[in-house]
Amino acid sequence: MEKRFDTYVDNLKFRVLREVARQAFNDTLLQNVLDIPKIIHPSKIPTMRCCVYKERAILAKRVKLAMGGNKKDPNVIEVIDIACEECPAAGYEVTASCRGCLAHRCESVCKQGAISFDAAHVAHIDKTKCVECGKCANVCPFSAIVNRKRPCQNACKVKAISINDNNIAHINDERCISCGACMHQCPFGAIMDKSYILEVVDAIKSSAKDGSKLFALVAPALADQFSYASIGQVISGIKKLGFTDVVEVALGADMVAEKEAKELAEKGFLLSSCCPGFVMHVKNAFPDLAQHISENLSPMATIGKYLKEKHEGAKIVFIGPCTAKKAEAQLDSVKPYIDTVITFEELQALLDSREIDLSLLEETPLDDASYYGRIFARSGGLASAVAQGLKEQNIDFSLSPCVCDGITECHTALLKKSKKALKENFVEGMACEGGCIGGAGCLSHVTYSSARIDLHGKKGKRKISDATKGL
């Protein structure tokens with residue numbers, strides 16, 4: 001499997017992105033776009049679907065998403081309906097463990113009359129009556145009734161996914177936080193994030209033509225990616241693509257840590273603003289708590305703003321592990337500073353479309369952020385940085401952080417705060433487990449290492465207050 005991708009789904013997504021980028025760089029995309037599915041799957045023998053025609057039809061949908069997807073749909077995550085229809089129906093089912101007992105507790109607790117028994121006394125659930133309350137499963141002494149939720153539903157901890165009348169997954173935009181967990185867990189590859197890779201290709205071409213500055217902002221999680229190359233080689237590869245310069249978002253993290261420490265001391269309680277998934281969940285599920293979200297922009301937007309103000313006419317591309325950053329970049333408060341966002345997956349596709357082998361490149365030094373700015377990539381890093389920000393500014397404030405590793409822990413902390421039961425005064429909210437290094441746009445999702453982030457962080461010799469020196 002190419003480039004150490006975890007699954008065939010990840011590999012397929014990469015191949016589509018790479019081919020779209022290749023055609024765009026060669027100025028042949030418009031005339032060849034309809035042929036891309038056949039280029040990717042030239043054989044007449046199906047590999048995963050009923051026929052090659054369905055496989056190519058799904059690939060065509062993937063090509064559309066690689067080119068920006070449905071422009072009328074504001075969500076950066078989309079469902080590929082034709083790929084989703086093969087997933088088995090979800091809901092409560094009676095398994096072979098049913099022993100046909102005499103108690104019939106499942107029938108007794110069902111207020112909808114959805115449970116009946118056959119001649120062998122085995123229970124059956126009438127799906128037309130079942131309301132998915134789960135009471136039958138709770139009282140079954142044999143645990144014979146199970147809730148077979150779809151992988152995407154299990155993955156979505158904010159309960160933004162339901163199944164429509166056509167047996168297709170549906171995303172509730174009012175709950176969705178664009179974290180991409182559903183996309184990562186879907187075994188059919190029926191959920192995918194929109195790609196803005198074409199905008200990056202256009203920016204690279206424009207920069208080469210008119211000499212305008214094109215900055216790549218790389219997320220601190222870079223240290224946990226590209227296991228076959230060093231960080232310096234990745235930076236060289238990005239420059240070889242045509243970027244004028246590469247800047248660490250960790251520098252923006254230093255700026256945020258300094259400002260957020262001061263803001264926390266002034267207000268006495270704060271919800272972090274760095275993770276767009278967390279911020280979206282606060283606004284969606286706990287709107288009364290939105291007043292406590294830090295007024296500071298995220299590290300991405302903060303360093304983007306700094307560079308835009310310093311370099312007139314510059315274009316800014318964020319590269320990281322986060323699909324929710326694509327949604328953040330569309331916000332009115334962020335749009336002026338970030339031109340587009342791509343993930344590490346898409347960066348790999350861009351590199352391969354130009355046949356750039358990172359392992360063969362010399363190393364390019366990366367702008368030197370502080371240790372604390374770089375560890376924003378893992379859970380607990382932001383809280384540590386804020387503590388350091390308080391220390392460097394000699395602010396007398398007793399920090400009591402609530403570090404939330406994943407959206408479930410975030411929800412619990414917010415619920416406690418809404419009930420006035422949260423003792424801590426600063427909530428570090430990270431929607432993905434492990435922090436940014438667990439993002440859906442990572443090259444690999446099998447393992448992530450906070451140790452690698454810390455090791456990279458220790459190479460940063462500056463203070464938080466030194467963030468913009470040398471930029």
Side-chain angles (χ1 to χ4, degrees), residues 155-161 172-181 253 255-302 322-325 327-328 331 333-334 372 375-391 393 395-439 450:
C156 183
K157 305 306 181 184
V158 297
K159 299 180 180 179
I161 294 184
N172 182 338
D173 292 342
E174 294 182 359
R175 289 187 176 184
C176 180
I177 59 174
S178 301
C179 66
M255 296 178 195
V256 169
E258 187 174 32
K259 294 177 182 177
E260 212 155 82
K262 189 179 297 182
E263 184 184 5
L264 172 60
E266 291 173 355
K267 295 180 177 179
F269 178 82
L270 209 61
L271 302 176
S272 64
S273 61
C274 298
C275 172
F278 172 66
V279 171
M280 277 190 274
H281 186 56
V282 175
K283 294 179 178 179
N284 293 345
F286 298 91
D288 291 343
L289 298 181
Q291 60 179 314
H292 297 297
I293 298 172
S294 171
E295 296 175 2
N296 289 291
L297 294 171
S298 70
M300 173 188 79
T302 297
C322 181
T323 53
K325 284 293 183 186
E328 182 190 346
L331 298 175
S333 58
V334 178
Y372 295 96
I375 63 171
F376 263 57
R378 50 92 166 158
S379 179
L382 169 56
S384 296
V386 170
Q388 181 66 16
L390 290 168
K391 180 180 178 181
Q393 297 175 86
I395 298 174
D396 185 17
F397 182 83
S398 181
L399 173 66
S400 177
C402 176
V403 176
C404 302
D405 186 358
I407 200 63
T408 299
E409 289 188 8
C410 291
H411 186 87
T412 300
L414 293 170
L415 188 61
K416 285 183 178 180
K417 180 60 180 177
S418 69
K419 303 289 186 183
K420 296 181 171 55
L422 186 71
K423 298 178 181 179
E424 293 84 354
N425 54 28
F426 178 71
V427 177
E428 179 201 289
M430 292 286 187
C432 296
E433 292 185 8
C436 301
I437 53 177
S450 58

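No hydrogens, no waters, no symmetry mates; every other heavy atom, side chains included, goes into these values. Here, residue 1 is the first one in the sequence, and each next residue gets the next number.
- Between the side chain of E428 and the backbone N or O of C404 there is no donor-acceptor pair closer than 3.5 Å.
- The backbone N or O of D405 lies less than 3.5 Å from a partner atom in the side chain of E409, making a donor-acceptor pair.
- Side-chain atoms of E424 and S400 include no donor-acceptor pair closer than 3.5 Å.
- Between atom CG of residue L390 and atom CD of residue E260 there is a gap of 10.5 Å, rounded to the nearest 0.5 Å.
- In E174, the CD atom is not crowded: 12 or fewer heavy atoms of neighbouring residues, nucleotides or ligands sit closer than 6.0 Å.
- When every heavy atom of I375 is checked against every heavy atom of S384, the shortest pair comes out as CD1-CB, 4.0 Å.
- Side chains of F269 and V427 form a contact here, defined as non-hydrogen atoms less than 4.5 Å apart.
- C322 pairs in a side-chain contact (heavy atoms from CB on, under 4.5 Å) with only one of the listed residues (C432, C436, P276), which is P276.
- A donor-acceptor distance shorter than 3.5 angstrom exists from the side chain of Q393 to the backbone of G389, with no hydrogens or angles considered.
- For residues 412-437, there are no ring pair (Phe, Tyr, Trp, His ring centres under 6.0 Å) pairs, not counting sequence neighbours.
- Ring pair H411/H281 is tilted by interplanar angle, where 30° to 60° counts as tilted.
- Across all their heavy atoms, K157 and I407 have their closest contact at CB-CG2, 3.3 Å.
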Requested in this report: Take C402 and L422 through the test side-chain contact (heavy atoms from CB on, under 4.5 Å) and record every step on the way to the result.
Outcome: CA-CA 9 Å; C402 176; L422 186 71; 4.3 Å; yes

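- The shortest distance between side-chain heavy atoms of N296 and T302 does not fall below 4.5 Å.
- Checking side-chain atoms of S379 against main-chain N and O of G435 turns up no donor-acceptor pair under 3.5 Å.
- Annotation for A253 and P299: closest pair N-CB, 3.5 Å, computed over non-hydrogen atoms.
- Counting heavy atoms from C-beta outward, V256 and C274 have side chains that approach closer than 4.5 Å.
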Requested in this report: For side-chain contact (heavy atoms from CB on, under 4.5 Å), just list the numbers for S178 and K325, CA-CA rounded to whole Å, side-chain angles, deciding distance to a tenth of an Å, and then say yes or no.
Outcome: CA-CA 8 Å; S178 301; K325 284 293 183 186; over 6 Å; no

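- Expressed to the nearest 0.5 Å, how far CZ of F376 lies from SG of C275 amounts to 12.0 Å.
- In this structure, the side chain of N425 does not engage the main chain of L264 through any donor-acceptor pair within 3.5 Å.
- A 4.5 Å side-chain heavy-atom check between F286 and L415 finds at least one atom pair inside the cut-off.
- S272 places a side-chain N or O within 3.5 Å of a backbone atom of G429 that can act as its donor or acceptor partner.
- Here the CG-CZ distance, from L382 to R378, works out to 10.5 Å after rounding to the nearest 0.5 Å.
- In this structure, NE2 in H292 is found 14.5 Å from OG in S273, a value given to the nearest 0.5 Å.
- Residues K259 and S294 fail the side-chain proximity criterion, which asks for heavy atoms closer than 4.5 Å.
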Query raised in the report: Could you walk me through whether I161 and N172 pass the side-chain contact (heavy atoms from CB on, under 4.5 Å) check?
Result: CA-CA 6 Å; I161 294 184; N172 182 338; over 6 Å; no

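- By the 6.0 Å and 45° rule, K262 does not stack over the aromatic ring of F397.
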Query - Criterion side-chain contact (heavy atoms from CB on, under 4.5 Å) on V403 and M430, from CA distance to verdict - result: CA-CA 8 Å; V403 176; M430 292 286 187; over 6 Å; no

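- Closest non-hydrogen pair, L271 versus L289, comes out as CD1-O, 3.6 Å.
- Applying the side-chain hydrogen bond (donor to acceptor under 3.5 Å, both in side chains) test to K267 and every residue at least two apart in sequence or in another chain returns E263, E295.
- Side chains of T408 and E433 form no contact here, defined as non-hydrogen atoms less than 4.5 Å apart.
- In plain terms, the two heavy atoms of F278 and A431 that are nearest each other are N-CB, 4.1 Å.
- Between R175 and N284, the shortest heavy-atom distance links the atoms O-ND2, 3.5 Å.
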